[in-house]
Amino acid sequence: MATVQVSEAEKVYIMHGVRDDLRVDGRGCEDYRHMEVETDVVSNTDGSAKVSLGHTDVLVGIKAEIGKPKPAVPNEGYVEFFVDCSANATPEFEGRGGEELGVELSNTLYKVFNNRHSLDLRSLCICPGEHCWVLYIDVLLLQCDGNLFDAMSVAIKAALFNTRIPKVQVSEDEEGGKEIELSDDPYDCMRLDVTNVPCIVTLSKIGHRHVVDATLQEKACSVASLLISITHKGLVTCVRKLGVGSLDPDSIFEMTEVRNTGTEHPVQTHTRTHTHTHTYIYISEHYSYFFI
Amino acid sequence: MAVDMRLPTARKLISLPGSLSNAEGKHLVVPGDVITSDTGFMRGHGTYMDDEKLTASVAGEVERVNKLICVKPLKTRFNGEVGDVVVGRITEVQQKRWKVETNSRLDSVLLLSSVNLPGGELRRRSAEDELSMRDYLQEGDLISAEVQSVFSDGALSLHTRSLKYGKLGQGVLVQVSPSLVKRQKTHFHNLPCGASIILGNNGFLWLYPTPGHQDEEAGGYYTSLEPVALSDREVISRLRNCLLALAAHKVLLYDTSVLYCYESSLSHQIKDILKPETMDEIVMETRQRLLDQEG
């Protein structure tokens, strides 16, 4: 992953800042940088979104194609992830440099999104066992400034919200062969239900505390981080530990506990605000704040 | 916890009354713009001849010195000159030299013979010193230094032969384009708001708590790892966000502009400074104050 060099003294400064709940950019431990979401940015996709979080820039494009369902689940469609690490983000990604990270990121995205709880895969079915919609979700990293996963999950959710899948009609001719007819009207389309699509919250352990939305500098100070993907109902679809260090079971518990108990439900509110934002985007509100 | 999400908005261009607008004050060009089709001029940096016409190859401001036409780019790598103050990061420790990343096109070098080692200025560099170079400066460390000379290929040779230069301790590094840093007599400032700043000519700005007393003996290679007071941290974080706001609006950075921006940001929370609408407001106030001060 893209890394920056940080001197020992800078690390000490950052760690003491986290301890005092005042990070280098003035945020508290549980503050996100402000996020900009733009949908429908790439015209030759079925749905797209661009998210920038600080200097992290992620572009997501979704293409729907007709394919064959997987034999194990004949009445469901499926999603495919591909993460492309552009060399614009960091020179390390030049040539095949970004491949390893790309594969790692897309594998994680599979775990997070490819289950029946987050996306209604049955709605992607056209003809059980024969035809289904396959969603190719392509993620392009344009700039890396930490917290890739959270930005990616928001971008994917926004792009899924934006996705229009053309309606199809299946007709049968005399010999029993099936014919698929696509509607000519571009507005005659199906929208995906994104309410249950999870958002990722990455918590990085720095010193004895943990922070959300770590910048690259802060990431350099943290030995391990915990990735939690959660839906607005509070359903956790994936938990993963990232980084080389280890996390004490107690601290994992503490990290999830802080997220899930108490009066505020920060993770859930995070995801909920997120879904709301989309409705706002849809009615083209200028911008919207959410304070909980 | 609050998450602030929004749609991207285009930034409004506001010209202040009394300031020179771009059209009248400066000749601004983008790559491919024809600067002049008069052949009587000489081709300088940032320009090329295209069909007998002098054309800009970078985006920036046209500068004319007699018959020589250059374009000074807005966003650029650092072109060092002798005497420039720079802040840099050690990338490699080599034989008798450190490689330093200073945002120039080639890595700069800091020779072992051009640093002040602890224990007297006129000490002979022994083989032991060479072996313990990593004890003074190791990969990732930040230093402040001055450009001693420029090699023929444009690489810089640095020196830290003064007590004001040397290894940097706790603080925050902010990176901006070198063209935004105003050249001044001094680039070290103890700001009255309670923090100090080094405005490196290379666009690396270093914010640190104002040191109480200078430890002469250490020769600038001792760093304190004592926690910085919360009040100092707040000032430094605020200054950091102010610097980024000014840089985003392409305001020239020097002690007065930084201080004015700091003062106009005081009515906002530190973390809000980087929100576009707050940034607009603060920077506009700063520009207005700078204009008023110029008279």
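Per chain, numbering begins at 1; letters A, B, ... match sequence-line order. Note that the structure is predicted; figures quoted are calculated from it, not measured.
The distance from atom CZ of A:R27 to atom CG of B:L274, rounded to the nearest 0.5 Å, is 9.5 Å.
Proximity to chain A involves both the backbone and the side chain of B:D141, based on heavy atoms less than 4.5 angstrom apart. With a 4.5 Å cut-off on non-hydrogen atoms, B:E101 does not touch chain A at all. Heavy atoms of A:R19 lying under 4.5 Å from chain B belong exclusively to its side chain. Within the 4.5 angstrom heavy-atom criterion, atoms from both the backbone and the side chain of B:E234 approach chain A. There is no contact between B:L244 and chain A, counting heavy-atom distances below 4.5 Å.
Annotation: side chain to side chain contact (heavy atoms under 4.5 Å, CB included) contacts of B:Q95 (sequence neighbours excluded): B:E130. With sequence neighbours left out, the ring pair (Phe, Tyr, Trp, His ring centres under 6.0 Å) criterion links B:F78 to no other residue. Evaluation of the side chain to side chain contact (heavy atoms under 4.5 Å, CB included) rule for B:N190 yields B:S196, B:T210 as partners, not counting sequence neighbours.
Scanning residues 42-50 of chain A against chain B with a 4.5 Å non-hydrogen threshold yields no residues.
Within the 4.5 Å cutoff, the side chain of A:M35 has no heavy atoms near those of the B:D4 side chain. Annotation: side chain of A:E36 is in contact with side chain of B:P276 (closest heavy-atom distance under 4.5 Å). Here the side chains of A:V12 and B:Q170 are in contact, with some heavy-atom distance below 4.5 Å.
With a 6.0 Å radius and a threshold of 12 heavy atoms from other residues, nucleotides or ligands, B:E139 has its CD atom above the threshold.
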Start with the C-alpha gap between B:R233 and A:Y13, add the side-chain angles, then the distance that decides, and say whether side-chain contact (heavy atoms from CB on, under 4.5 Å) holds.
CA-CA 9 Å; B:R233 257 171 216 291; A:Y13 184 85; 3.7 Å; yes
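Between A:D31 and B:K271 there is a salt bridge, with a side-chain nitrogen of the basic residue lying less than 4.0 Å from a carboxylate oxygen of the acidic one. With salt bridges taken as basic N to acidic carboxylate O contacts below 4.0 Å, one links B:R89 and A:E10.
Chain B forms the most heavy-atom pairs under 4.5 Å with one residue out of A:I14, A:D20, A:L22, and that residue is A:L22. Note: B:N241 leads B:N241, B:L207, B:L173 in heavy-atom pairs under 4.5 Å with chain A.
Among all heavy-atom pairs drawn from B:P8 and A:E38, the shortest one is CG-OE1, 3.4 Å. The shortest heavy-atom contact between A:S7 and B:G140 is CB-O, 3.1 Å. A pairwise comparison of heavy atoms in B:I270 and A:D25 identifies CG2-O, 4.2 Å as the closest pair.
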